[in-house]
Every structure is written in structure tokens, then in C-alpha cells.
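Worksheet for the structure shown next.
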Amino acid sequence: MKVRHTVRLAATAIAFVVATTATDARQPQAMPTPEQFFGFQMGADRKLANWDKLHEYYQRLAKVSNKMRLMELGKTSEGRPYIVLFISSPANLARLDHYKQLNARLADPRGLSEAEAKQLVAEAKAVVVQSFALHSNEVAAAQTAAEYVYDSLTRTDSEAQQILDNVISIVAPSINPDGTQMIADWYMKYVDTPNEAANLPWLYQKYAGHDNNRDGFALNLPESQHLGRLMYREWVPQAYVDHHQMGSGNARLYIPPYAEPIRPDGDPLVWREMSWWGAHMGNRLEAAGKTGVIGSAIYSGWGHMGFHWITPFHNIAGMLTESASARLATPMFMHPDQLRGGPRGLPEYESQISMPSLWPGGWWRVRDIVEQQKIAAWATVDLAARNRETVLWNMYLKGTRQTERGATGAVKAYAIAANQHDPLTVKKLVNMLLNSGVEVHQARAQFFADGRVYGPGSFVVTTAQPKQGLVRWMLGRTFYPDNTYTRDLKGDPIRPYDMSTDTFGEFMGVRSDPVSEKITAELVKLTAHVPMTASVAASAPNGYVMSAKLNDSHRAVHLLLDKGVAVRRVPGGAGFTPGDFIVSGSAAVLADVAKQTGVEFTAAAAATPPDAYQVRKPRIAMFQRYGGGNMDEGWTRLMFEQFSVPFKSLMDAEIKAGGLDAKFEVIVLPADSVAAMTGDRPANAPPDNTPAEYRSGFGADGLKALEAFVQKGGTLVTFGQAGDLAIQRFNLPLRNVVAGLASKEFWSPGSTLRVRFDTSNPIAYGMPAEGLALFMAGGQVYEVTSTDRSQDVEVISTYVDRDILQSGWLLGEQVIAKKAGAVTVKYGAGKVVLFGFRPQHRDQTHGTFKLVFNALLNGPTGARASTTTSQQR
Ligand SMILES: [Zn+2]
């Protein structure tokens, strides 16, 4: 019970707040405290306010306060309002657009003299964005936000006034409102039952679940698009803090700065600023008696491209707080013996410079988290208010210096040829850069750069711009550091926080060339998205062709099949690329599909070869499970929706019932362990209090049903480790050559690797002969084993023989050199398509999407299998 001490100190801090708010002369009825409004104190044991109620509260505050403006930026994935709150003095709020202009000018200071910049700094307001509740099962932040916002509006002490006068504080009170609703409703439904604090059985963001913060560059989710527009283009803030929770076993609160290693090429000032902000937070927290607060640890500066980690390359001090978790809103007891050191910079649970006071253990509650998050959030805007001119001047310096670095550095620009393998995906990459506020130019005419020719319409991304750091990470080759920061005492590699590369151009299969000279071409700055214009040939006596090389041809195929248009596929010959689609439909229907997809319908130059085969609407299912959901499934579902792929989600019960061959031709198993799919729990697994109806696993019956499905002619598609299900259960003549290897022997966590594709294989139709595949930790690499069934294996792609690593981190390349990355194995009348790498990772790897799309069209109705299984239709 030693923890009581901490709680009492915290209570004192709250009393202070209440005392000062009591002096506010505003009608107390009109401005309810969170406790009055919700009927409990924020963070009270076993209580959670859901999004509907929180939204109502913010609407109420916005109505009665002249210090806050509520703006709805759009809707969430499930149609809820996505809001942000602008909090500042009434005078500042009245001139919000004006301050937005000043801020924008400082964020992109090109052409600004020092004298002009100083004038702007004198007049402008500091802009700070703080977001809460991205990860919905980290339940405290959504509750904290309500109390923090209330305090911001009602505190009348000089510090609060100084903040209102000097800072435009933008609060995103939940950046995943859908999840905030789900988790609160779920928790409150089971509180005080044996299922209290059970994990939510499904993804708390419709598509991404916990991965919703891995979307800060691709901006695939509506929620990310709203936040991206706000922070990358409209209000580039000087600081951004995202409030999270972590595990319970060590520090109580992580605050900035990050631990080593950092991802280089941001402006150095941005890292200094994070230390500065973190010091202010730490100072305030320690003064308030909060113990177990740590910085420079646990979260390395080289993370994923989530918002708080990508913003440093937008010249924003992008930061994170991570509080120790309770059990959702249920208090948790941590015995002192349970407290241990942590990863990165906390070798033992002992006091150290970055964590001078230790939390002694005891009960830990959501209220504890709310209190420390409030202090950290307040310290953030307080620093900006006290140092308004410095943070604004820094913004000017960062933008100016980054631009200068780009102008004088080795890489002056990235040139992106318009006419490369999949020109529509090129446009998507360019549009993504524009969404991030990156400046992109388009060439009117052909130009030369570093000895290469670029056709008209090609794109140029100069590095002489404030966001050159971002440009570099999205387009430039990347090597993850391999040094004492990234190896443990035994020399084993330490897993990067997420991926070891996030090079978006590589993910998308788009070539972007670093150029060492200033490009002198007639360039037009893009001010709007590049349109996906497409045309339909005026006359096509031999039928229309859609290129196999375009991802969007597959979308067009599904749209055309829906409209009853006949689509055939050509295995090659007569000037066709293997896999080209031949369409014969009315020009009006094609024009409509062309407009929707950007796909061009050209006239076939020759008659359709006799071996062309009919593409029929495939009946596709994808396995979806409880147990918290599977993010790979969610992202794949999003990709399917974006490309108009028809599919049905398949849960345990339907699999176990069997008869799958009568319903589906293709079943997709997203990356998952066999145990997670079957529900086999290891003997030492902790007790699971998930309500029985949400327990997950299709068990032995499901395995039998899936086997029968393939035996009878179905196609089973597996991603990553899900391949184990087929390899083990169906005893395929395959071996995963990286299984069980020590990390020193083979290691490649989230890297792009060079592979060759057999473009005559229907699964690799439309792929380039050589390309990149994204390999994740836990991925598979195949070798055919010596059995009498080796003729059943077709290799779709192989790793090149040397220099396999394009970007990321790879140890032991000889283990995978020339080995198969993806294979098809016949089994009974059907087949299994195993992707050892991740062809559709997080809906980002457009460069390999086609492999998946081909696999979907390559069921019993298509391609090589058609001769053997056509009778079964
Ligand atoms: Zn989190």
C-alpha cells in the first residue's frame, strides 16, 4: 500500500486546479466539470466515458466557452465525427486564419529574409498539437483529454493566461473515435462480471487496429488523412505530442526524448527541442511528486512512420508519452518484485539520470495515468507559451537549414519517371507526397538528369525544401544502423521498434532516382493531386487491352465483371504482355470504368490468342478471427475494398462447418501463427477471461475443412507465417529455410529485398522481371524438399544471388540467396499459394499487390489450373 503516498501527492495537485477554477466567474452550470457531466471523475476505477458522451461534452464546452472552437475535420472509418479543438484566447481565436498564415510562412520560410522572419516571430503564436487515444485499449488518454480541456478553459491563473495568449493549442481528444467508443462500451458491458477487463476481441480500428499509427505516411485511413491534413499542410505545429500507454512492468511514464538510435537527416534542432520539452515535462512531473518518469529510453528515435515519429521530418518536435497501463480501467497491483528493467536504456529497475525517482510498486490505476498525462500535456503548452519566440524562430531555422542542406547536399532531387512499370502507382506515390505537404514538380518536356532521360510528365522532388528529411526517407535507400545501439551484450541484433526501412517508393515498386545535379527542366509545381485520367480507344476491332502491369487493371476487372462484361486473360504472345486483359464491352461501360480507375483501354494490335482464358468472378473468402483481431487481415480487407475485390470474411464457425469448396474458390489466410488460427493455447498461457462467444480458433475441425477445400480444388493463399498451416498440415514438399535460425545467422526485420519474378507464372503476371519484396520478421523463405512430390511446386519468385538487401537490415543473406520467396504447390485438385514475404503489408506495398490479385484470379476458374478443374465448376 506504499502507493498511497503517490496518490496523496497527486490529490494535492488536483486540489490546486479545483481551487483556481473556482474563481472563474463564468456560469458554473453552463460549463460542467467532467465529473458533473459524466457522473464520475475522469479515470475513476472501473469507469470509462465513451466517444458519444465525450463528443457531447466537447460540443457543450464549445458552446459556452469563447476560448475554444470545435472543428469537425471529417468522419471516421465508421462514420463518427472526427473533431479537433482549437484552444486559445478569444482574441487569438478571432484571428485564427491570420495566425494560420503566419505559421505557414514560418514553416516554409523559403524566400523570407531574417528581418521578415523576426517580424513574423514577434507577431505569430506558437502552435502545438496534442493527440489522445490513438490506441483505444490504452484507455486513459481519452478520459484525460476531457479534464485537460476543461482545465485549459477554466484555469485563470497567470500561467493559464499566458498559455491562452501565446499558444494556439490544438487538441485532438481522440484520434480514433471508433475505438474509443468500442473499448468503453465493451469494458462497461463486462465490468463487475468474470469477464471484466477482457481484451476487445476485434480490431479497435476497423482496418488497422493497433497499426493505426503505422499510417502516418501512407495515410490510407480517413483518421490519418484528417490528422495529416491538419499537421502536414494546414497547421504545421512547432510541437506535437501523442499520449499513449505501454506495459506495466517498469517505468510509470516515458517522456521525451527518444532513446538511441535516431533516424538521421532531420534538423538537429528538432532533437534538441524534444529533449527540451521532455525536460520541462520531467521537471513538472517530479515537482508534482510523480515517480518512475523516464526519458531517453524504451522508445528509440528510429521508429515507424507513425505521426509522432514522422513529424520530426516535417520539422515538428514530434513526441510521445507512454504511461504504464492498468487492466483497461481496472486497477492493477504491481508487486515490487514484478518491476524490472526495460528495453533500451533501462538495464535495471534502479534510479538513473533519466529516471531519478523510482515508483515503489503497489496499486496502479487509470486515475494515476490521467494525472500524469495532464501534467505532461500542460507542460507542453506551457513551454511553448514561455518560449513562444524561441520555438517560432526555431521553426524558421529548421525550415531554412533543411532547405539549404538539400540545396547543397549530394542528392539535389529525386527524379521519378512518369512512364515506368505501373504509371498509375507512380501517380499514387506523388499524390501521397502531396498529402504530406511535400513540394513536387512535374516536367512539361523531356529532360536529362545524371545521364538518364525522363519523358514529359515525369516528376521532380527537390531536396531544397523544408521537408527534405521526409523526402529522403520516403524516396531514398535506407540502411538501418548495425552497432552497439542495435546489438545486445551477446552481439545479437535487437529488433528495431518496427520496420528497419519505410522507404515508400520501394514499397510501391516505383523507381525514384537520386540526382546529384540541379535539374534544369521546365517544371511546373503541382498544386493539386495528379489526376488519374484514362481513355478508351475509339475503335478496337480485336478487343480492348488493359495492361497486366497496372494494379488498377485488377480493380477494373472486378468492376467489369460486376457489370457482366467479358474479360479474358492472355498468357502472352502476339505482342501481349503475359497476363494482359482483353475486354469486349460497350464503349460507354468501359469509359465509366476507365474514369473510375485511371486504366487505359487500348486497342489490341492482334487477334486474341487461342490460349486466352475467360476470367470469371472469383468467390473469395478471407479468414478473420477474434482474439483481438489480426491487423494483417484488416489491412488486406482495406486493400480489397480499395481495389473493388469481392470477398467474404470467414469466421471460425463457418470454417468448422466445412463444405467450403461449394462456397469459395479462394481462401486467404492473413499472416498469423497456426496457434492463433486454430486456438491451441500453450500450456503455460495466462488465463483468458474472454467471454466464451468471443473465444477464437477453428481447431482440428477447421484444419480438416481447409484441407478438404484445397483437396477438392480450392486455392489457399497464405501470407508470412500462416504458410506453416499448409506446410505442416498438408505436409507440403517445402521447408522454410529461415525457421529456427538464430538471429545472428539470419535477420531481416522489415526490409525490402531484391527478388526475381517468373513473369510467365500466372501469379507473377504483370510483375517486372526483378523487383522488391518486403520481408518481415517471422517471414518464410522456401526450399523444395526431396520427395516424390517436388514436381508440384512452382516457384513464383526467388531472391537474387547477392546484394539482396535494398533497404533495411539483413544478416545472413547467403541463407536466402536464390531461394524461393513465393511458391505455388499443388495439393489434391487444388493448390496453395505461399507468400513468405508480405505482398500487401499494411496496404502499403503496392509494388507487390498484383501478386495477391493474380492469386485471387488464379483459382480453379483461371489459368493453368483450368484444364484440370474446369469440370468441377
Ligand atoms: Zn500506444
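Fair warning: this is a prediction, and the values are worked out from it, not measured in the lab. Whatever order the structure lists ligands and atoms in, that order sets their numbers, starting from 1.
- The distance from the Zn ion (ligand 1) to the nearest N/O/S atom of Glu322 is not under 2.8 Å.
- For Gln372 (side chain) and Ser323 (main-chain N/O), no donor-acceptor pair under 3.5 Å exists by modelled atom type.
- Counting non-hydrogen atoms of other residues, nucleotides and ligands closer than 6.0 Å to CZ of Phe40 gives a total above 12.
- The cationic group of Arg263 lies under 6.0 Å from the six-membered ring centre of Trp473 and within 45° of the ring axis, placing it in a cation-pi geometry.
- Checked against the Zn ion (ligand 1), the N, O or S atom of His135 at the shortest distance is ND1.
- Because the distance cut-off is set at 2.8 Å, His244 qualifies as a neighbour of the Zn ion (ligand 1) through one of its N, O or S atoms.
- When atom types are taken as modelled, the side chain of Thr845 and the backbone of His841 share a donor-acceptor pair closer than 3.5 angstrom.
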